[in-house]
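The structure presented is a predicted model; accordingly, all values stated were derived computationally and were not measured. First listed ligand is number 1; within each ligand, the first listed atom is number 1.
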Amino acid sequence: MHNFNAGPSILPGEVFEEAAMAILNFRDTGLSILEIGHRTTLFQSVMDEARQLAKELMNLDADHEVLFLHGGGTTQFFQVPMNLLNENQTAAYLDCGVWGSKAIKEARLYGNVDVVASSKDKNYTYIPEFKIPSDAVYFHYTTNNTIEGTEMLSIPETNVPLITDMSSDILSHEIDFNRFALIYAGAQKNIGAAGVNMVVVRKDILGKVNRKLPGMMDYRQHIEAGSMLNTPPVFAIYVCLLTLRWLKRQGGVAAIEKINQAKAELLYKTLEAKQGFVPTVAKKDRSRMNVVFLIPDPLLEKKFLDACKEQNMVGVKGHRSVGGYRVSLYNALPLESVKALTDLINQL
Ligand SMILES: *Cc1c(COP(=O)(O)O)cnc(C)c1O
């Protein structure tokens with residue numbers, strides 16, 4: 001199989017094997033990871049190693065904490081403003097895609113939102129120019145727009161605290177993670193299994209909001225509890241740990257970036273050269289993680305889909321809101337899969 005799914009998506013084969021083993025007999029205890037207490041030293045060691053490894057792979061300084069929380073990326077759309085934005089204050093947001101616009105909608109429940117720029121006029125197929133107002137409480141953007149296939153690889157220059165949704169490109173390329181006040185990512189694209197998200201937070205931004213926060217929504221309480229305020233999604237966190245270990249064995253973020261770049265270059269080059277295949281995104285803003293394109297000719301489209309089926313290629317259909325095709329090239333997808341797909345396209 002070649003799995004180009006957008007999320008939940010492909011994970012390394014060895015992660016599936018180790019995860020399957022842990023369900024049957026976790027670390028030779030005779031027990032499944034699904035039936036041990038989260039406060040046992042056994043699971044505590046999983047949580048500690050996962051948080052430590054995440055810090056190491058991102059080169060985080062001591063001011064930043066790593067949490068594994070419930071609720072997917074979508075919960076962070078409201079948990080961020082709930083913790084950081086007072087009702088009479090303004091946060092700046094960039095509107096670059098479906099996910100970003102959802103984050104904007106949720107932030108408006110808690111305070112004022114200044115949308116500094118939007119690319120909605122062209123179906124979010126490019127990253128617009130923008131300016132960050134110096135008095136904004138924070139600036140929020142999505143580094144990789146999973147549905148539309150755009151990506152911002154560089155970090156905006158500003159003194160305003162930066163907050164990003166990195167759900168679909170975290171740990172896929174080198175970036176100075178310490179420049180961010182808060183990063184969040186649903187795990188099911190580049191980190192592990194669905195059911196958990198990773199939050200990286202710089203501690204000094206917390207505790208400034210004047211509303212009352214339920215414990216489960218309060219980042220500070222999660223930090224104090226070592227990301228174990230209640231029963232964490234133990235299995236999903238274990239899969240994250242296995243995937244982070246795998247990434248380290250590959251040589252870390254710098255090494256995986258080289259492969260990710262090669263995969264994306266090969267696919268875009270093939271699409272550019274092939275008549276009838278039309279990438280939708282402005283060249284300078286193309287994502288390395290999600291490659292979006294159209295096949296306007298229905299006959300060619302059918303040939304492509306039939307060939308994909310025949311060669312066991314899954315997950316190439318575009319998001320229901322965009323149509324067309326989307327091929328996702330997350331960390332765990334091998335270059336061989338992209339070669340197989342480009343061979344298929346070239347032979348049509
Ligand atoms: C997938 C995705 C989300 C939503 O994640 P859930 O875990 O389903 O809530 C949010 N933002 C981005 C950029 C995504 O790719």
**Prompt:** Within less than 4.0 angstrom of ligand 1, does Met166 place any heavy atom?
**Reply:**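 Distance cut 4.0 Å: Met166 fails for ligand 1.
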
**Asked** Out of curiosity, is Gln188 lining ligand 1, as in a heavy atom under 4.0 Å away?
**Response**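 It does; at least one heavy atom falls under 4.0 Å.
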
Counting only heavy atoms, which portion of [X] has something under 4.0 Å from ligand 1: side chain, backbone, both, or neither?
X: Thr74; value: both
X: Tyr184; value: neither
X: Thr142; value: side chain

Among all protein heavy atoms, pick the one closest to [atom] and tell me residue, atom and distance.
atom: atom 5 (O) of ligand 1; answer: Gly73 N, 3.7 Å
atom: atom 2 (C) of ligand 1; answer: Lys189 NZ, 2.5 Å
atom: atom 11 (N) of ligand 1; answer: Asp165 OD2, 2.6 Å

**Request:** Could you please spell out the steps behind the side chain to side chain contact (heavy atoms under 4.5 Å, CB included) verdict for Phe277 and Ile295?
**Result:** CA-CA 5 Å; Phe277 283 70; Ile295 308 175; 3.6 Å; yes

**Request:** For this output row, return yes or no: ring centroids of Tyr184 and Tyr219 closer than 6.0 angstrom.
**Result:** no

**Request:** Kindly give the heavy-atom pair with the smallest separation between Ala107 and Pro81, and that separation in Å.
**Result:**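 Reported closest heavy-atom pair: CA-CG, 3.7 Å.
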
**Message:** Distance check, rounded to the nearest 0.5 Å: Leu229 atom CG versus His70 atom NE2?
**Reply:** 8.5 Å

**Request:** Would you tell me whether Asp169 and Thr143 have side-chain atoms, one donor and one acceptor, within less than 3.5 Å of each other?
**Result:**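 Side-chain D/A pair, Asp169 to Thr143: present.
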
**Message:** Under 3.5 Å, is there a donor on one side chain and an acceptor on the other for Tyr330 and Asn290?
**Reply:** yes

**Asked** Within a radius of less than 6.0 Å around NZ of Lys203, do more than 12 heavy atoms belonging to other residues, nucleotides or ligands occur?
**Response** yes

Provide the number and element of each atom of ligand 1 under 4.0 Å from a heavy atom of [X].
X: Thr146; answer: 12 (C), 13 (C), 14 (C), 15 (O)
X: Gly72; answer: 7 (O), 9 (O)
X: Phe77; answer: 10 (C)

**Message:** For a side chain to side chain contact (heavy atoms under 4.5 Å, CB included) check, start with the C-alpha distance between Tyr110 and Leu84, then their side-chain angles and the critical distance, and finish with the verdict.
**Reply:** CA-CA 9 Å; Tyr110 296 94; Leu84 301 174; over 6 Å; no

